[in-house]
Protein chains: 2
Amino acid sequence: MSRASELAYAKIRAHLLSGAVQPNEQLTEDQLAQITGVSRTPVREAVRRLEDELLLVRSDTKRLFVADWSRDDIEEMFALRQMLECHAAERAARRLSRAKITQLEAVNHALKDAIAQTPPDVARFLEANRCFHEAIVDAADSPRLGQMLGRLVEAPVVLRTARTYSLEDLKQSARDHDELIAAFAARDPDWARAVMGSHLRRAFHTFAKSVGPKGGSAGLDQT
Amino acid sequence: MSRASELAYAKIRAHLLSGAVQPNEQLTEDQLAQITGVSRTPVREAVRRLEDELLLVRSDTKRLFVADWSRDDIEEMFALRQMLECHAAERAARRLSRAKITQLEAVNHALKDAIAQTPPDVARFLEANRCFHEAIVDAADSPRLGQMLGRLVEAPVVLRTARTYSLEDLKQSARDHDELIAAFAARDPDWARAVMGSHLRRAFHTFAKSVGPKGGSAGLDQT
DNA sequence: CGGACGCTATTTGTATACAATAACGGTTTG
DNA sequence: CAAACCGTTATTGTATACAAATAGCGTCCG
């Protein structure tokens with residue numbers, strides 16, 4: 001994307017995740033234009049992307065509001081991500097070159113380094129983790145799949161989840177990645193799918209524990 | 001969407017599917033604005049949607065081209081649709097009210113009527129079919145899932161596929177729908193998923209047969 | 001003759017002014 | 001007192017003018 005439009009997207013997104021706004025709060029394009037320092041034209045483009053990611057929603061009369069994510073919404077989001085990313089892992093297992101697998105190993109090595117710090121460097125962990133999963137989706141070589149997962153992974157919940165990881169959770173993630181790499185090296189799509197499935201399903205339960213039992217809006221509220 | 005923007009979307013889409021343009025042909029926003037009779041602003045919004053649906057693509061320098069769908073792209077598109085719509089069927093089986101199931105029966109009745117014509121009324125069949133599947137996705141009650149499937153089903157290939165249906169194919173579709181309804185009535189998610197899976201997979205093979213063996217661009221070319 | 005440079009024309013990106021539409025509030029009327 | 005109507009204000013949608021970036025082409029220099 002172009003400069004102003006990309007800037008607007010980043011700033012609005014940061015604004016939403018910062019907690020400066022409440023779920024269901026109304027926003028106007030003018031406000032956002034002021035906040036971002038660009039005109040409404042690129043703001044509207046940024047807003048469209050954020051609507052795609054369901055961070056913003058429009059009322060029936062086109063007015064703009066901060067989205068409210070229910071616990072069910074989030075659960076469904078995890079389910080979709082699992083479904084799509086398992087598929088990606090399966091395809092990747094058939095396509096990954098030896099060189100790419102080596103790259104994955106390097107990324108997971110960096111991830112382990114981040115964990116080995118005291119205290120663990122969560123930011124670096126997240127970045128390495130993102131990079132690892134992105135490489136797999138890339139290797140799946142399906143534009144649409146990549147597009148869909150791109151939108152899901154942008155979801156705010158993913159960010160919040162990792163904050164609640166315990167050290168043991170982080171280590172288990174690294175082990176999952178190791179096993180994924182093994183499945184790729186063995187060119188075993190079924191194995192890769194299965195590992196990815198349990199990897200992501202565990203992430204969901206980690207999240208579920210951290211937000212407590214069912215019911216209520218678990219989205220962007222800063223409790 | 002708003003009037004001009006929606007109009008632009010519809011006109012551009014029709015223009016693409018009409019065969020007046022070739023895959024990889026360049027388009028400009030100005031051209032499209034002239035064709036649609038609105039200014040570039042709503043055209044840009046329409047173009048963004050068509051990019052989402054991968055009917056249009058942008059070069060690395062933001063220039064706009066008609067997308068070229070390879071046979072592999074289409075195969076992957078079917079696979080994704082199958083994955084998502086099976087999931088939708090599963091969720092729908094848990095949620096569909098008796099009243100909604102009755103509505104599905106009515107829709108499928110209309111579909112059978114369309115088939116019973118001599119010759120079969122393919123347009124009405126397609127409309128009823130779209131309606132049937134849409135109702136299921138609706139019942140799945142997952143905004144993201146709906147969004148994703150919306151984009152996939154918009155894909156041009158779906159339209160072309162039905163043109164090659166034989167009468168027997170059409171009848172089999174109706175039978176599949178009947179069985180889906182039975183699975184919903186029984187509130188059996190596994191059954192619903194399985195029926196949906198074979199239903200869509202068969203559609204893929206019908207398509208695959210019609211475009212011939214692997215290799216080459218099977219997308220928008222008007223052969 | 002080939003390749004690199006720079007000019008021009010084309011195309012996309014952004015700002016702004018204006019039009020259309022929807023919400024709000026006050027008033028009127030049954 | 002409630003509900004519908006109308007004018008005002010707020011908000012989104014569209015057109016247009018202009019700015020930035022990019023491609024295409026001709027020329028100049030080696």
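Here the structure is a predicted model, which is why all the values come from computation and not from measurement. Proteins get letters first, then strands, A, B, ... in listed order; numbering begins at 1 in each.
- Within 4.0 Å of L27(A), counting heavy atoms only, lie sugar-phosphate atoms of the nucleic acid but no base atom.
- In this structure, F204(A) CZ and T206(A) OG1 are separated by 10.0 Å, a value rounded to the nearest 0.5 Å.
- Partner M148(A) forms a side-chain contact (heavy atoms from CB on, under 4.5 Å) with one of Q147(B), R144(B), R151(B), M148(B) and no other, that one being M148(B).
- Here the side chain of R63(B) is nearest to one of dT11(C), dT14(C), dT16(D), namely dT11(C).
- Residue-level contact check: S2(A) touches the backbone only, with heavy atoms under 4.0 Å from sugar-phosphate atoms and none from bases.
- The six-membered or imidazole ring of H109(A) lies away from that of H177(A), with a centre-to-centre distance of 6.0 Å or more.
- Residues D30(A) and S59(B) each lie close to DNA chain D; by heavy-atom proximity, the contact nearer the 5' end of the strand is made by D30(A).
- Between T61(A) and dA23(C) there is a side-chain polar atom (N or O) within less than 4.0 angstrom of OP1 or OP2.
- Close to dA15(D), at under 4.0 Å from its OP1 or OP2, lies a side-chain N or O of S39(B).
- Surrounding NZ of K100(A) are at most 12 heavy atoms belonging to other residues, nucleotides or ligands under 6.0 Å away.
- The distance between atom NZ of K62(B) and atom P of dT12(C), rounded to the nearest whole Å, is 12 Å.
- Within the nucleic acid shown, R40(A) comes within 4.0 Å of at least one base atom, counting heavy atoms only.
- Within the 4.0 Å cut-off from OP1 or OP2 of dG13(D), at least one side-chain nitrogen or oxygen of R44(A) is found.
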